[in-house]
Student: 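Have a look at this one.
For the numbers below, each heavy atom of this structure counts, side chains included, while hydrogens, waters and symmetry mates do not.
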Amino acid sequence: MSDKLLTPIEIGLTAAIVAIEGNEPLILTARGSDQLAGLPFGPFDALSHRTFEIGLRAWVEAQAGLKLGYVEQLYTFGDRGRHAEASDTDAHMVSIGYLALTRAADNAAPAPGATFEPWYRFFPWEDWREQPPAIIARDIIPALARWAEEDTPETTRALPRKDRVRLYFGQDGAPWDEERVLDRYELLYEAGLIEEARRDGRPAALARKALPSLGISMRFDHRRILATGIARLRAKLKYRPVIFELLPAEFTLTELQHTVEAISGRHLHKQNFRRLVETEALVEPTGVMSTQTGGRPAALYRFRREVLQERPAPGLRMRSRR
């Protein structure tokens with residue numbers, strides 16, 4: 001057996017905790033001494049926590065004062081240096097990422113130091129609700145086009161750079177696919193266009209005199225974890241009724257539409273959306289009218305839980321591409 005000492009490993013649990021408020025998708029962040037936003041993070045205690053999810057729920061409630069609803073494991077993030085500063089010599093940190101949903105109304109306020117922030121601050125190119133974000137044509141595509149021109153025939157990628165730019169950012173006739181959040185983020189990282197790439201010492205970023213302002217950077221690899229969570233949630237809308245984890249028990253169809261638009265990042269035609277909701281039979285009327293709409297009273301609905309027994313994949317089957 002080799003006498004070489006093995007690097008100790010610690011297991012952490014990182015949570016992308018999503019809520020909706022005022023038709024905006026929010027993500028819970030905590031800022032450290034460096035003032036960079038980060039996702040809530042806590043250690044897994046094998047003696048106190050029987051499962052990873054139990055550990056996640058326990059420390060989120062203890063540290064952030066939040067009760068979580070839906071929780072789903074995303075991915076294990078263990079890249080070397082992903083959770084370390086240059087001077088660190090401690091154990092290597094492997095983090096299990098989670099997507100968690102909570103209702104803003106169920107939580108009066110997060111603990112001190114924790115704040116809900118709009119997730120489009122971190123991914124401004126993902127918000128297509130009003131129109132294509134100006135940042136794509138103004139900053140992203142010109143920079144990616146110059147980077148793509150440097151591609152070499154010896155690349156080991158299945159697709160050359162130009163094709164990935166076209167497909168991931170919906171250029172030259174390619175449709176915008178709202179689920180490719182992680183692909184777009186990792187392309188910007190590979191091209192050295194975001195602060196995380198410079199911070200990690202990526203040559204493409206270090207070779208640039210200045211970086212464009214592409215959203216707010218996050219601590220460690222937390223923006224990558226958040227991109228993974230957003231992509232998963234956008235995909236999940238189509239085959240699981242997870243959207244109702246973000247809504248109050250009773251809601252109007254307008255509130256439901258705005259919440260779906262907030263998560264998917266795209267505008268939905270009102271009548272088409274209502275036909276879709278009717279076809280999928282996910283909701284039922286409560287028989288009560290809401291007078292808090294700012295206009296005419298609107299009917300209140302609730303999630304029809306029987307749908308979970310009626311078919312294996314109930315969701316809002318919107319077209320996946322714009």
Student: Do the side chain of D127 and the main chain of R129 share a donor and acceptor less than 3.5 angstrom apart?
Tutor: yes

Student: Do R232 and Y75 have side-chain heavy atoms sitting under 4.5 Å apart?
Tutor: no

Student: Which atoms form the tightest heavy-atom contact between K236 and V242, and what is the distance?
Tutor: CG-CG1, 3.9 Å

Student: Please evaluate residues S95 and T14 with respect to the criterion side-chain hydrogen bond (donor to acceptor under 3.5 Å, both in side chains), reporting the C-alpha separation (whole Å), side-chain torsions for both, the decisive distance (0.1 Å), and the verdict.
Tutor: CA-CA 6 Å; S95 181; T14 304; 2.5 Å; yes

Student: Say you draw a straight line from CD1 of I20 to CG of L26; how long is it, rounded to the nearest 0.5 Å?
Tutor: 6.5 Å

Student: Donor-acceptor pair, distance only, cut-off 3.5 Å: does the side chain of R161 make one with the backbone of W147?
Tutor: yes

Student: For R208, does the CZ atom sit with more than 12 other heavy atoms under 6.0 Å from it, leaving out its own atoms?
Tutor: yes

Student: Check for me, please, whether L36 and L226 land in the same ILVMFWY cluster - side-chain distances under 4.5 Å, paths through other members count.
Tutor: no

Student: Evaluate side chain to side chain contact (heavy atoms under 4.5 Å, CB included) for V60 paired with L66, printing each intermediate quantity in order.
Tutor: CA-CA 6 Å; V60 167; L66 296 177; 4.0 Å; yes

Student: Is Q257 reaching over with its side chain to a backbone N or O of L268, donor-acceptor style, under 3.5 angstrom?
Tutor: yes

Student: Can you hop from I141 to W176 via hydrophobic side chains spaced under 4.5 Å?
Tutor: yes

Student: Verify the cluster assignment for L167 and F169: are they in a single hydrophobic cluster under the rule of side-chain heavy atoms below 4.5 Å apart?
Tutor: yes

Student: Could you tell me the separation between the CZ atom of F244 and the CZ atom of R103, rounded to the nearest 0.5 Å?
Tutor: 10.5 Å

Student: Rounded at 0.5 Å granularity, tell me how far CG in L188 sits from CG in L193.
Tutor: 6.0 Å

Student: Quick check: do E126 and E178 have side-chain heavy atoms less than 4.5 Å from each other?
Tutor: no

Student: So how far is it from R304 CZ to E284 CD, rounded to the nearest 0.5 Å?
Tutor: 7.0 Å

Student: Under the salt bridge (charged side-chain N to carboxylate O under 4.0 Å, His left out) test against E179, which residue among R234, K238, R184 passes?
Tutor: K238

Student: Would you say the side chain of L282 lies within less than 4.5 Å of the side chain of V277, judging by non-hydrogen atoms?
Tutor: no

Student: Donor-acceptor check, side chain of R199 to backbone of F220, threshold 3.5 angstrom: yes or no?
Tutor: yes

Student: Would V18 and L182 show up in the same hydrophobic cluster when neighbours are defined by side-chain heavy atoms closer than 4.5 Å?
Tutor: no

Student: Walk me through it: do T259 and F251 pass the test side chain to side chain contact (heavy atoms under 4.5 Å, CB included)?
Tutor: CA-CA 11 Å; T259 301; F251 47 84; over 6 Å; no

Student: Evaluate L13 against E53 for side chain to side chain contact (heavy atoms under 4.5 Å, CB included), listing each step before the verdict.
Tutor: CA-CA 9 Å; L13 307 171; E53 184 177 324; over 6 Å; no

Student: Would you check if F41 and I225 make a side-chain contact, meaning some heavy-atom pair closer than 4.5 Å?
Tutor: no

Student: What residues, two or more places apart in sequence or in another chain, satisfy side-chain hydrogen bond (donor to acceptor under 3.5 Å, both in side chains) together with E278?
Tutor: none

Student: If you link ILVMFWY side chains whenever their heavy atoms are less than 4.5 Å apart, which other residues fall into the same cluster as V288? By chain and number, please.
Tutor: L300

Student: Which residue in the set R180, R164, R224 passes side chain to side chain contact (heavy atoms under 4.5 Å, CB included) when paired with E186?
Tutor: R224

Student: Determine which pairs satisfy ring pair (Phe, Tyr, Trp, His ring centres under 6.0 Å) with at least one residue from residues 52-71, sequence neighbours left out, and list them in order.
Tutor: F44-F52

Student: Got a salt bridge between E24 and R121, using NZ or NE/NH1/NH2 to carboxylate O under 4.0 Å?
Tutor: no

Student: Please list all pairs passing the ring pair (Phe, Tyr, Trp, His ring centres under 6.0 Å) test where one or both residues lie in residues 183-208, with sequence neighbours left out.
Tutor: none

Student: Please list, chain by chain and in numerical order, all residues satisfying ring-ring contact (aromatic ring centres under 6.0 Å, His included) with F123, sequence neighbours excluded.
Tutor: W125

Student: Any side-chain heavy-atom pair from P314 and L308 closer than 4.5 angstrom?
Tutor: yes

Student: Begin with the C-alpha distance, continue with both residues' side-chain angles, and end with the deciding distance and a verdict on side chain to side chain contact (heavy atoms under 4.5 Å, CB included) for L206 and R198.
Tutor: CA-CA 6 Å; L206 296 178; R198 185 200 61 77; 4.2 Å; yes

Student: Ion pair present between R240 and E245, side-chain N to carboxylate O less than 4.0 angstrom?
Tutor: no

Student: Going hydrophobic residue to hydrophobic residue with side-chain gaps under 4.5 angstrom, can you get from L187 over to L159?
Tutor: yes

Student: Is there a side-chain contact between L246 and L101, using heavy atoms and a 4.5 Å cut-off?
Tutor: yes

Student: Taking all heavy atoms of T76 and all of V94, pick out the closest pair and write down the distance.
Tutor: CG2-CG1, 3.5 Å

Student: Surrounding CD of Q309 (heavy atoms of other residues, nucleotides or ligands, distance under 6.0 Å), is the total greater than 12?
Tutor: no

Student: Kindly say whether E130 contributes a backbone atom to a donor-acceptor pair with the side chain of R266 at under 3.5 angstrom?
Tutor: no

Student: Apply ring-ring contact (aromatic ring centres under 6.0 Å, His included) to F273 and list each qualifying residue two or more places apart in sequence or on a separate chain.
Tutor: none

Student: Is there a side-chain contact between I216 and M218 in this structure, where contact means two heavy atoms from C-beta onward sitting under 4.5 Å apart?
Tutor: no

Student: Looking only at heavy atoms, what is the nearest atom pair of A100 and L68, with distance?
Tutor: CB-CD1, 3.8 Å

Student: Around atom CZ of R305, are there more than 12 heavy atoms of other residues, nucleotides or ligands at under 6.0 Å?
Tutor: no

Student: Please round to the nearest 0.5 Å and tell me the distance separating atom CZ of R219 and atom OG1 of T29.
Tutor: 11.5 Å

Student: Would you call E149 and K162 a salt bridge, taking side-chain N to carboxylate O under 4.0 Å as the test?
Tutor: yes

Student: Are more than 12 heavy atoms from other residues, nucleotides or ligands located less than 6.0 Å from atom CZ of R50?
Tutor: no

Student: Do any N or O atoms from the side chain of H258 and from the backbone of N23 form a donor-acceptor pair under 3.5 angstrom?
Tutor: no

Student: Heavy atoms only: give me the nearest L56-A15 pair and the separation to one decimal.
Tutor: CD1-CB, 3.7 Å

Student: What heavy-atom pair brings G192 and A197 nearest, and what distance separates the two atoms?
Tutor: CA-CB, 4.0 Å

Student: Is there a side-chain contact between F122 and I230 in this structure, where contact means two heavy atoms from C-beta onward sitting under 4.5 Å apart?
Tutor: no

Student: When rounded to the nearest 0.5 angstrom, what distance separates CG in L144 from CD in Q171?
Tutor: 9.0 Å

Student: Show the nearest heavy-atom pair for residues Y120 and S264, with the distance to one decimal.
Tutor: OH-C, 4.3 Å

